[in-house]
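Let me begin by presenting the structure, written as structure tokens, before commenting on it.
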Protein chains: 2
Amino acid sequence: MAEVGYVPNLVAGGLAATRTRIVAAIVPYIQHGVFADAVQGLTDGLRQAGYCVLLGSSGGVAKEEETIIRTLLGHRPAGLVIQGANHTDATRALLVKANIPIVEMGTLTDTPVDMCVGYSNREAACGAVGHMIATGCRRIGLVVAPIASNDRHSQRLMGYVDALERVGITHDSSLVATARGFNFNDGCTAVASLLDRHPDLDGLFCASDIWAMSALAECRKRGIQVPAELSVCGFNDQEFSSELSPPLTTVRVPRLEIGAHAAELIIARLSNQPIAARKTDVGFELVLRESTLPAS
Amino acid sequence: MAEVGYVPNLVAGGLAATRTRIVAAIVPYIQHGVFADAVQGLTDGLRQAGYCVLLGSSGGVAKEEETIIRTLLGHRPAGLVIQGANHTDATRALLVKANIPIVEMGTLTDTPVDMCVGYSNREAACGAVGHMIATGCRRIGLVVAPIASNDRHSQRLMGYVDALERVGITHDSSLVATARGFNFNDGCTAVASLLDRHPDLDGLFCASDIWAMSALAECRKRGIQVPAELSVCGFNDQEFSSELSPPLTTVRVPRLEIGAHAAELIIARLSNQPIAARKTDVGFELVLRESTLPAS
DNA sequence: CTGTTAGCGCTTTCAA
DNA sequence: TTGAAAGCGCTAACAG
């Protein structure tokens, strides 16, 4: 049969069985290394169990996310994986109503739609900023994504504030710059405005390595010594981060593993196996390199 | 209707209409920035026309690719997009028989299964190596992917040979190192073996920026000055490439645009619009930075 | 255990 | 123009 080149019609099969072998995945940007890694882990994990990934990219816009989810759900996926945990009410309702296994990735929440696998963005950011404080930084800037539309980055902002308050530094919101997107140039714009407004900064926490890369470039341009004059810390430990000049201090998160674990959770649910926990903490690790001062 | 939270069953719709609004996409690695960019362009372009992307990752293995394509084709996609143009005979037969619009990305071939959009890997590599030769390099190493399974990289190898022969240098195959995968460490291994065997190299062309990043790291480790002692050139112009130390000379290719154009082609076909050409050359650009000697 | 039949939820066609 | 009916190609449930 296979010799004749027969390819079974999975659409008909899906209709008949009222369940497909498709899992929907929604990420803000496929291009972003962090999400790409998670999708890779997810795809590989699912493939072994015979599932395909139906991919959607929201651009980080909640309303877009809703539209995409509606479409993807129309294809009656057996499960759904999504980045983050802050969705519109309509989205949440849609997800609940779909009545399929759902994994929210990259964050931890006590109220997942169904399951979540990630790490504490707040604690990770607090740890990173805490390290900068421990090495003597007192005036620390922050570059984040628009916090209204990005729960992980709003958590990182909270972690930043936590670390400051812990040592009695009051949070100055003018030290926070919002980057428009996850591109090098978006980071440059944000960092430049921060550096213009606050020449007295002695630390800069960039909630994405790509912006830390922008920061290093901007500092080079302005003749600011890193870390002597300004400590720079990133987030994600992307592959290039150790190769920047200076090598970047950052927070390492198990990106591929997050996707792989999401796949396991979905598959387990689909085969009626028990789930260890609705919430899986994959942890994080502070990677100390040369863009921050050494701990004394 | 939408207020009640009704989500139309696209599976039933697909069966009834005998055509879905799904386009299959197969790339070697989702993680690799180049493919992620192409998939992003594709996804965004298709979404506007109401199509979703069903994603597959082959790991660069031809046999895997075949299996994945068979599965994806089972979902009766309206079109299919795939990286590269060297497929197994069975794969080609499968694609032809599917009788849907197909775009092969990232390469140019005179015998596409249906359509292709990309650039000449051979000419691009020839241009890059030609530049190194023009700046005085005579003993140039090459780092590529396994050429048997990667048509784009085998084209780059040909371009490398072209450039050498043009100035009368005979190709020495011991100067070619194969990197196992597209990771920093894979590049380190390949570069290290090359540097060990050939301490007299004065140039190194890495067919992927990630390996050029490895090369810069390896040179730093060994105290080799770049470009004074060894010129290094990459391929792809990834976002980090300008931020390495020294900034990397590389070949820029319109990654996002390739995906976006593939989307346009598929959509045009699906709406019975005429296609300008089966073969679209999106070109490339040599980006000269500091990891190669200045042209004198 | 094998063979048959009734749908799955839509689109499309054809009749009213 | 609107409405009814016939499938799309499978799976699952049932009867033999």
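For residues 266-277 of chain A, the set of pairs meeting the side-chain hydrogen bond (donor to acceptor under 3.5 Å, both in side chains) definition, not counting sequence neighbours, comprises A/Asp114-A/Arg269, A/Ser271-A/Gln273.
For A/Arg180, there are no salt bridge (charged side-chain N to carboxylate O under 4.0 Å, His left out) partners two or more places apart in sequence or in a different chain. In terms of the ring-ring contact (aromatic ring centres under 6.0 Å, His included) criterion, A/His75 has no residue partners (sequence neighbours excluded). Listed by chain and residue number, B/Arg156 satisfy the side-chain hydrogen bond (donor to acceptor under 3.5 Å, both in side chains) test with B/His153 (two or more places apart in sequence, or in another chain). Applying the side-chain contact (heavy atoms from CB on, under 4.5 Å) rule to B/Ala262 yields the partners B/Leu42, B/Val81, B/Val103, B/Met105, B/Val117; only residues at least two apart in sequence or on another chain are considered. In this structure A/Asp44 satisfies the side-chain contact (heavy atoms from CB on, under 4.5 Å) test together with A/Gln40, B/Ser57, sequence neighbours excluded. Applying the side-chain contact (heavy atoms from CB on, under 4.5 Å) criterion to B/Thr107, with sequence neighbours excluded, gives B/Ala85, B/Asn121, B/Asp151, B/Arg152. With sequence neighbours excluded, the residues satisfying side-chain contact (heavy atoms from CB on, under 4.5 Å) with B/Ala49 are B/Tyr51, B/Ile267. Under the rule for a salt bridge (charged side-chain N to carboxylate O under 4.0 Å, His left out), the partners of A/Arg47 that lie at least two apart in sequence or sit in another chain are B/Glu64.
Reading DNA chain C from its 5' end, the first and the last nucleotide to sit under 4.0 Å from a heavy atom of chain A are C/dG7 to C/dG9.
Within the 3.5 Å criterion, the main-chain N or O of A/Tyr119 finds no donor-acceptor partner in the side chain of A/Asp281.
The rotation axes computed at either terminus of the helix from C/dC1-D/dG16 to C/dA16-D/dT1 lie 50° apart, taking five pairs at each end and rounding to 10 degrees.
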* **B/S/- contact track for nucleotides 1-14 of chain D, protein heavy atom under 4.0 Å** => ------BBBBSS--
